[in-house]
Amino acid sequence: MHIRPYEPKDAERCRMICIETATGHDTSLEKERKRLTTLFCDYFVENEPDVCFIVANDDDQAVGYIICAKNYAEYERVFRKEYVPRLKGIVPFHRLSCGVGLLSHRKYAKTHPAHLHIDLLPEAQRQGNGTKLMNCLFARLRELDVPGVFLGVSEKNTGALSFYRHIGFEELNRMFGTVIFGMKL
Ligand SMILES: CC(C)(COP(=O)(O)OP(=O)(O)OC[C@H]1O[C@@H](n2cnc3c(N)ncnc32)[C@H](O)[C@@H]1OP(=O)(O)O)[C@@H](O)C(=O)NCCC(=O)NCCS
């Protein structure tokens, strides 16, 4: 397996990985798959491929990713305008519920402007790939003078909690079953 920058050919596999690695969701439903990819994948690969990296198998197919928004304020602006409307009929009270979620994260972005998601298929896990993806992204964000990055993770996802602590993330807050982690760069 190898790490490389995101390429447009990876888009469909990134959506698949986003769905496959989501736990506690009924991903047999098309609506749920659309909700997950719209909330957690599409914005990043479609708008900020320069801060998205892939772990690929020997056939150069994506088996994991780290995807990022460099500046949460800009992410929020574009997400509200272009992505929230796609959730109509998929998320109840989509404008209100997405708005509340976006607003609740703004405070972390003051000190940690970038926002990330990382997901690897089981076949790519526990081989150091997540660590390599993080290091790749951190190096890129430092080049771009981004001072920090934050993320949210379910407090039930004990494996990911251990991973983020291992990488050196600091717990910034806990609310409604989600832990917010931040890293100064
Ligand atoms: C969480 C995840 C990104 C970690 O990536 P990874 O490549 O598996 O992690 P690494 O191999 O780089 O692990 C580095 C260290 O983190 C810790 N760690 C990683 N995964 C862990 C797990 N499942 N349980 C406990 N500790 C873990 C360990 O200390 C590990 O070192 P070790 O393997 O020498 O013990 C990856 O497993 C994953 O995508 N999981 C499923 C999707 C997910 O939960 N994504 C995060 C959503 S917020």
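First listed ligand is number 1; within each ligand, the first listed atom is number 1.
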For this session: Answer with yes or no after comparing the ring centroid distance for Y75 and Y43 against a 6.0 Å cut-off, counting only values under it.
Result: yes
Exercise. Do F150 and H105 make the cut of ring centroids closer than 6.0 angstrom?
Worked result: yes
Problem set entry | T158 N/O under 3.5 Å from ligand 1 N/O | no
Problem set entry | Among L151, I180, L172, the one residue meeting side-chain contact (heavy atoms from CB on, under 4.5 Å) with H112 | L172
Problem set entry | Minimum non-hydrogen distance to atom 7 (O) of ligand 1, winning option of G130, A124, P122, C18 | G130
For this session: May I ask you to check whether G128 has an N/O atom sitting below 3.5 Å from an N/O atom of ligand 1?
Result: yes
Exercise. Is atom CG of D58 surrounded by more than 12 heavy atoms (other residues, nucleotides or ligands) closer than 6.0 Å?
Worked result: no
Exercise. Got a donor-acceptor contact below 3.5 angstrom from the D59 side chain to the Q61 backbone?
Worked result: no
For this session: Below 4.0 angstrom from a heavy atom of N157, which ligand 1 atoms are there? Numbered from 1 as shown, please.
Result: 43 (C), 44 (O), 47 (C)
Problem set entry | Heavy-atom protein contact below 4.0 Å for atom 34 (O) of ligand 1 | no
Exercise. Quick one: does Y164 get an N or O within less than 3.5 Å of an N or O on ligand 1?
Worked result: no
Problem set entry | Mode of T23 contact toward ligand 1 - side chain, backbone, both, neither (heavy atoms, under 4.0 Å) | neither
Exercise. Salt-bridged, E143 to K70, with N to O below 4.0 Å?
Worked result: no
Problem set entry | For ligand 1, the portion of H117 having any non-hydrogen atom under 4.0 Å away | neither
Exercise. Which is closest to atom 20 (N) of ligand 1 by heavy-atom distance: Q125, E20, R126?
Worked result: R126
For this session: Decide whether Y164 and E171 meet the rule of one side-chain donor and one side-chain acceptor closer than 3.5 Å.
Result: no
Problem set entry | Residue pair D42 / Y83, side-chain donor-acceptor N/O under 3.5 Å | no
Exercise. Taking both backbone and side-chain atoms of A160, is any N or O found less than 3.5 Å from an N or O belonging to ligand 1?
Worked result: no
Exercise. N/O of T131 under 3.5 Å from N/O of ligand 1, yes or no?
Worked result: yes
Seminar exercise, completed: Filtering S162, S154, G152 for the heavy atom nearest atom 26 (N) of ligand 1 leaves S162
For this session: Please say whether more than 12 non-hydrogen atoms of neighbouring residues, nucleotides or ligands are located less than 6.0 Å from NZ in K156.
Result: no
Problem set entry | Any L116 side-chain heavy atom under 4.5 Å of M134 side chain | yes
For this session: May I ask you to list the atoms of ligand 1 that are less than 4.0 angstrom from any heavy atom of Q127?
Result: 11 (O)
Exercise. So which heavy atom in the protein is nearest atom 39 (O) of ligand 1, and how far is it from that ligand atom?
Worked result: L120 N, 2.7 Å
Exercise. What atoms of ligand 1 come within less than 4.0 Å of a heavy atom belonging to D119?
Worked result: 39 (O), 42 (C), 43 (C), 45 (N), 46 (C), 47 (C)
